[in-house]
Structures are given as C-alpha cells and as structure tokens.
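Heads up, the thing below is written out as structure tokens.
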Amino acid sequence: MKRSSDGALLFCEAAVEHHSPWKSIEKPSRVLSAHEHLRRCGLLRQCTVLTAPSASEAELREVHSQRHIDEVVRLSAAVGDDPHNRTLAEPDGRGGVYYTAAADEAARRACGCVLEASRAVLQPGARIRRAFALVRPPGHHAGYDDTEGHRAEGFCFYNSAAVAAACVLRSGLAAKVAILDWDVHHGNGTQRLFYGRQDVLYLSIHRMGRGYYPQTGHNDEVGEGDGVGLNVNIGWPGDGLGDADYMAAMELVVIPVLLSFAPDLLIISSGFDAAEGDVQGRMNVTPKGFGDMMCRVQQHVCCPIVASLEGGYCEPVLSLCCEHVLRALLGMERDCSQRRQAMHKLTEPTLREVIHIQQAHWPSLRTQEERTHNYFLAAQQDSKPTRSSSRVRKAWPVDSSAASKKRHQKKASSSPKASSAAR
Ligand code: OKP
Ligand code: ZN
C-alpha cells in the first residue's frame, strides 16, 4: 500500500506576479526557493509534477460569498490602477494582507492546485494517493465573509484547503474530509466555514494567546449544531514548543480523533511557521519533526492525503521542512521515532485540557486515559537525566533541577519568557 514507488503528486504555484512593492514576509521566493531546494536534493524527480487550472468562480462559491469574491476582484483591480496607494493595498495596515493586481488570480490558482490534488488522489483507482501542493498565497484565514468591507486577512484571499474539501464533498468523491492545520496561526477561516458541518473535521495545533493573531482557536471551540465535536483546537498558551510537544499532540489527540472520524480524505494545512528559526511562530519544531508528524499520520491513517503549504517565512528552514514532509509523503521516511526529549511545561496541561473538553465527543479519548497518563510519566522520567543536548536546552532553557522543582510547586500558566529570550 505504501510503496515508495507510488510517488507523490507535487503542485507548484509560486504566483510570482503577486508580490508586495513594500516588502512582505509573504513573497514568491518562499515557494521558489523551496522548489529549487527540492530539485537540488533530487526529490522533484521522485514526484509527478503537475500544475492545475485556477479554481472557477463556482468552486470558490462553495465556501465564499459572492460578495467576498467580488470584493477581492474589485480591490485587486483597484490596486492595479493605483499600485502605489498603500492604504488601498494594505487595508489592515503595514505588514498585513496586501492586494496587488494579481492577488485575485494568484489565490484562485492556489485553490486550483489544492483542489486538483484532492481530486487526483481520490479518483477511483488512483495509483498515487499522496500529494503536496507547494502554493501561495496561503488560505486558512479566509472565511465565507458576507459582511461589508474587506475581509481578506492574514495574507489570505480564498481558502484553498476549504475550497478543495467542499468541492470533493459536493461532487461525491468523498463523504467525509478531515483538515489538520499545523500552521502556527489558528485557521480561523477554515474553522468558521465548517463549524456547523458534519462532514468536515477541523483539527488545529497553533499558538494561542492575547495579542496573538488571529485571536481565535480556544480549546473550547468545539463546533455547533451538526458540527458539534468536529472542531478540535489545540492552542499552546506559550512560545518555544518543539518536536516532542507537537508529537505528543499528534499521539494523544490528533491521531485518536482522526482514527475515530475515519475520513475519506485528509488535507493538511501545512504551514511551517512553527519551525525553529521562524520569527513569526517562535516555536522550535525541526524540519525532521514535521517529517516525523507526517510519517506518523501515515502509519495510522489509511485515506489519501493532500498536504498544502500555508505559512512559513524563514526560507532556508521552510525548504527543509518541505523536504522532510515530502520525503514522508513519498514513503522514504519510515522511521519517525524521535530521540526522547523533554516536553515543554505547557504541553501536559494543554493536552489534558483538550482531552477533557473533547472526550465528550470522542470516546476514544476517554478510553485512553491510562495511555495519556503513561505517556507523560515516561516523558517525565526520560527528562530526568541532567545531561541534555544543546537542542533540548534551546527548546527548554529553564530545565535545571531548581527550575524543575519550581515547576512542580506551582502549575504555571504564564508563557515561558526564557525560551524567546534564548533566540
Ligand atoms: C498567515 B499564515 C506582523 C504580524 C503579521 C499576520 C500573520 C498572518 C499569518 N507583525 N500577522 O497563517 O501564516
Ligand atoms: Zn501562519
């Protein structure tokens, strides 16, 4: 089933015409440099490389209001006519979402890639059941948006993962779709779009906290109506979490829930801004850590998988993350065992809270309480030895025995300042 010769589909859409005249972290070179890296390390040759047509207006309308689409079209054209009007181009202020003459078309092309990838892996008798869509601009902050004024935000115009999910559901290629979003920002658009829907499960692992964009993604946002229980947020209330923490979230929450839901398609909104070195995320996930998560998911979930790029702004790291995730999708990375690392002090309380909230909806979380207990117990024992590598120290710089004792005395909930200071 998972022979590496089955390969993967790679869709690449750098949308070079869409770039800010004022410098932005969301730029064409993100995708161009990653693509060049994949070529250099020989991975492109192992993939079937495809491009896709732009998503049609009807396809966008599966998730976006006509008003929203018209607004993006109108603003793109307006900026085309007045390209140096910064107030027009950056309606959220400097450094936020920016419009260009090419914004609308660029975002339609990104949607087209994720949609085509999803159709390809779902097509009856498909030989290739995994795909990676290396696309920009990102999409997960874009919602239905039938409100007055501009609602594109966070560099996103149309929600590519959501368009793909909604279209394959509409056409009957899938009856249930899961979207796993490990971009460091909460996918407020995706959550909102499927919040009341029974046929889409949204899981997100993200940084959560006051002042942290986009301010949504609380662990108790579980869905509404028919969609109750089908929204799973894992919001980290601090900086500096790494491989061990993300893997714990996968093992203890994401994978059990995915197994219970049994989707026909898994779309991974694969932003890499939780990677070490990415100043947006201030997290410490390594490129191998992302590959390990991808590998672990594939060991459990047997449905087709489409991973598509969302954020990720430190280009050298972004390239490596793409490499590791693609290797995993190609079946070249079979060993996802990690050297045991100390977990962040926020990991256990966060995951316990999520499990507590979600176990009403997911019996599998209830029945594995003992497993959860043992998981943290083992991790605690493993982190006891005083010798720790520089990597562990970087991820958890307060790991001296004195600080450790303090940790046990008071269940701290403040963010670990020490880890951001270490960068
Ligand atoms: C999009 B994606 C600048 C803050 C910019 C916008 C972040 C958009 C992230 N100081 N905030 O989820 O990676
Ligand atoms: Zn992000």
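Values below: every heavy atom of this structure, side chains too, minus hydrogens, waters and symmetry copies. Remember, it's 1-based here, ligands and their atoms both numbered in the order they're listed. Just so we're clear, the structure is a prediction, and the values are computed from it rather than from any experiment.
- The protein heavy-atom contact nearest to atom 3 (C) of ligand 1 is G95 O, 4.5 Å.
- Using cut-offs of 30° and 60° on the angle between ring planes, the pair H185 and Y213 is perpendicular.
- Contacts with ligand 1 closer than 4.0 Å are made by no heavy atom of V184, backbone or side chain.
- Distance check for atom 10 (N) of ligand 1: every protein heavy atom is found at 4.0 Å or beyond.
- Under a 4.0 Å criterion applied to the non-hydrogen atoms of H141, ligand 1 contributes the atoms 1 (C), 2 (B), 9 (C), 12 (O).
- Judged by distance alone, with hydrogens and angles left aside, the side-chain atoms of E323 form no donor-acceptor pair with the main-chain N or O of S319 at under 3.5 Å.
- Within the 3.5 Å criterion, the main-chain N or O of M283 finds no donor-acceptor partner in the side chain of W236.
- Heavy atoms of H140 approach ligand 1 to within less than 4.0 angstrom.
- Looking from atom 6 (C) of ligand 1 to the surrounding protein, the closest heavy atom is Y213 CD2, 4.1 Å.
- In this structure, the protein non-hydrogen atom closest to atom 13 (O) of ligand 1 is Y313 OH, 2.5 Å.
- Ligand 1 places these atoms under 4.0 Å from at least one heavy atom of G311: 13 (O).
- Under 2.8 Å from the Zn ion (ligand 2) lies an N/O/S atom of H185, whether from backbone or side chain.
- Looking only at protein heavy atoms, the nearest one to atom 4 (C) of ligand 1 is Q280 OE1, 4.4 Å.
- There is a side-chain donor-acceptor pair under 3.5 Å between D245 and T347.
- Taking every non-hydrogen atom of G154 and a distance limit under 4.0 Å, the qualifying atoms of ligand 1 come out as 1 (C), 8 (C).
- Between the side chains of H64 and D145, no donor N or O sits under 3.5 Å from an acceptor N or O.
- Of the N and O atoms on the side chains of S269 and W182, not one donor lies less than 3.5 Å from an acceptor on the other residue.
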